[in-house]
There are 2 protein chains.
Amino acid sequence: MKLTTRSEYVFLAILSIARSKEKGYIPLSKIAREQKLPMKYMEQLMQTLCRSGYLSSSRGKEGGYRLAKPARKITIAEIIRLFDGPLAPTESVSTYFYRLTPLSREKKLLGVMQEIRDYVSNALEKTTIADVL
Amino acid sequence: MKLTTRSEYVFLAILSIARSKEKGYIPLSKIAREQKLPMKYMEQLMQTLCRSGYLSSSRGKEGGYRLAKPARKITIAEIIRLFDGPLAPTESVSTYFYRLTPLSREKKLLGVMQEIRDYVSNALEKTTIADVL
DNA sequence: TACAATTCCTACTAACCTTATAGGGATTAT
DNA sequence: ATAATCCCTATAAGGTTAGTAGGAATTGTA
């Protein structure tokens, strides 16, 4: 697992929305301004979040985004997988992105990687957006 | 941390050398043939290992590579850092490759990443080539 | 000495990924 | 109508990955 700005930006945006006291939708312009995120880039990431059911959106004036489910139902693991792929250090020990890699032959080394994968996976599956609010 | 073929190939090569019963130097041609690794690409990686003091080499006929220090003194962590950079999931919690990232603002999330970094680092620092032989 | 086998060094490259920017279309409250 | 918003697609600069290519330097052996 390696985080890129995609995951990192998305966490800032989701947390911003989750913390917001306002009832309605939060426009991206506000989030981008407050968190200093590149607006047009964020638009794409927000769409991905909508399509995957984490956010719901409303167009037009008074539009924006809000959480489509409670913060405690959104795990850190899901978001990272969605934007930056496997949590595992190598795909040969990944559950969701499995494929054979050169390391696959070395069973002991693979075991070490598997343990890391299990730890990381467990830590991130059990941590939700609500936990980091 | 994310492994590329660089680290993975290098582990195969080092293990191959470490397992070899022969006294002298092992030529790369032999390793590349046995492990089916791209020879000219490996040359570059082997040089990096030499320059960093993990292997010593001899040119010419009967030349090749051998370990420059005992297998139990070479940690998995060192090799991965050398070829694939930080063990941490994001550089804002990396010791050797630290820099500020967007996530730096979110202290709780950063804490989660820090714990992962600590676990991975510890696991890989204490595991050596000798352990995975 | 000549040769063959090796490492050493540098340059180059195709394909892919990251991090955006750009322009416009569709929708909606006022 | 208008302004503000999200939606969609195309494009691109720069970096990374995974090599290939060609030759220089070194060394044991015939």
Side-chain angles (χ1 to χ4, degrees), chain A residues 1-10 12-13 17 22-33 35-52 54-66 68 80 82-86 90-91 97 99 101-103, chain B residues 1-10 12-13 17 22-33 35-52 54-66 68 80 82-86 90-91 97 99 101-103:
Chain A
M1 170 183 58
K2 181 168 179 208
L3 298 192
T4 69
T5 62
R6 286 193 300 268
S7 286
E8 301 208 9
Y9 285 169
V10 160
L12 296 183
I17 292 173
E22 296 162 46
K23 285 292 174 189
Y25 292 90
I26 322 282
L28 180 56
S29 55
K30 190 182 171 198
I31 301 171
R33 188 177 351 103
Q35 305 270 9
K36 288 178 189 153
L37 304 175
M39 173 85 173
K40 292 295 267 183
Y41 188 35
M42 290 308 295
E43 274 190 3
Q44 300 170 39
L45 307 181
M46 300 302 268
Q47 271 177 64
T48 302
L49 285 169
C50 282
R51 289 192 191 120
S52 305
Y54 297 105
L55 297 183
S56 58
S57 64
S58 167
R59 292 170 158 194
K61 217 164 184 177
E62 302 296 292
Y65 301 94
R66 60 176 169 72
I80 294 178
L82 184 58
F83 288 97
D84 287 328
T90 173
E91 294 178 348
F97 299 83
R99 76 183 169 86
T101 78
L103 207 67
Chain B
M1 171 183 58
K2 179 166 181 212
L3 299 192
T4 69
T5 62
R6 285 192 300 268
S7 287
E8 302 209 7
Y9 285 170
V10 160
L12 296 184
I17 292 172
E22 297 160 48
K23 285 291 174 193
Y25 291 92
I26 321 282
L28 180 56
S29 55
K30 190 182 172 199
I31 301 169
R33 189 175 352 101
Q35 305 270 9
K36 289 178 188 153
L37 305 175
M39 172 86 172
K40 292 294 268 181
Y41 189 34
M42 289 309 294
E43 275 190 3
Q44 299 171 39
L45 307 181
M46 299 302 269
Q47 271 178 64
T48 302
L49 285 169
C50 283
R51 290 193 189 118
S52 305
Y54 297 105
L55 297 183
S56 58
S57 64
S58 168
R59 291 170 158 192
K61 216 163 183 178
E62 303 295 291
Y65 301 93
R66 60 176 169 72
I80 294 178
L82 184 58
F83 288 98
D84 287 328
T90 172
E91 294 178 348
F97 300 83
R99 76 183 169 85
T101 78
L103 207 66

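Every chain is numbered from 1, with letters handed out A, B, ... down the list of sequences.
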Find the distance A/Leu3:CG to C/dC17:P and express it as a whole number of Å.
18 Å
Answer yes or no: is there a donor N or O on one side and an acceptor on the other, between the side chain of A/Arg6 and the main chain of A/Phe83, under 3.5 Å?
yes
Which donor-acceptor pairs under 3.5 Å do side chains of residues 37-51 of chain B form with protein atoms, sequence neighbours excluded?
residue, atom, partner, partner atom, Å
B/Gln47, OE1, B/Arg51, NH2, 3.2
B/Thr48, OG1, B/Gln44, O, 3.2

Nearest-Å distance, OH (A/Tyr41) to P (C/dC17)?
13 Å
Sorted by chain and number, sequence neighbours left out, side chain to side chain donor-acceptor pair (under 3.5 Å) with B/Ser52 holds for none
Sequence neighbours left out, what passes side chain to side chain donor-acceptor pair (under 3.5 Å) with B/Lys30? Give chain and number order.
B/Glu22
Ignoring hydrogens and geometry, is there a side-chain-to-backbone donor-acceptor pair from B/Asp84 to B/Thr4 under 3.5 Å?
yes
Taken in chain and number order and not counting sequence neighbours, the residues that satisfy side chain to side chain donor-acceptor pair (under 3.5 Å) with A/Arg66 are A/Tyr25, A/Ser56
From CZ of A/Phe83 over to P of C/dC17, roughly how many Å is that when rounded to an integer?
17 Å
Point-to-point distance, once rounded to the nearest 0.5 Å, from CG of B/Leu12 to CG of A/Leu103:
6.5 Å
Could I get the full list of side chain to side chain donor-acceptor pair (under 3.5 Å) partners for B/Thr101, not counting sequence neighbours?
A/Glu8, B/Ser92
Whole angstrom is fine here: how far is it from CG in A/Asp84 over to C1' in C/dT19?
12 Å
Using atom names, set out every protein N or O paired with an N or O of nucleotides 2-8 of chain C below 3.5 Å, distance rounded to 0.1 Å.
residue, atom, partner, partner atom, Å
C/dA5, N3, B/Lys61, N, 3.4
C/dT6, O2, B/Gly60, N, 3.1
C/dT7, OP1, B/Leu28, N, 2.7
C/dT7, O3', B/Ser57, OG, 3.3
C/dC8, OP1, B/Ser57, OG, 2.6
C/dC8, OP2, B/Tyr65, OH, 3.2
C/dC8, O4', B/Arg59, NH2, 2.8
C/dC8, N4, B/Glu43, OE1, 2.8
C/dC8, N4, B/Glu43, OE2, 3.4

Give me the first and last nucleotide of DNA chain D, going 5' to 3', that has any atom under 4.0 Å from a heavy atom of chain B.
D/dT17 to D/dG28
Between its two end axes (five pairs each) the helix from C/dT1-D/dA30 to C/dT30-D/dA1 turns, nearest 10 degrees, through 0°
d(B/Ile80 CD1, B/Lys2 NZ) to nearest 0.5 Å is 13.5 Å
Between A/Tyr65 and A/Leu55, is there a side-chain heavy-atom distance shorter than 4.5 Å?
yes
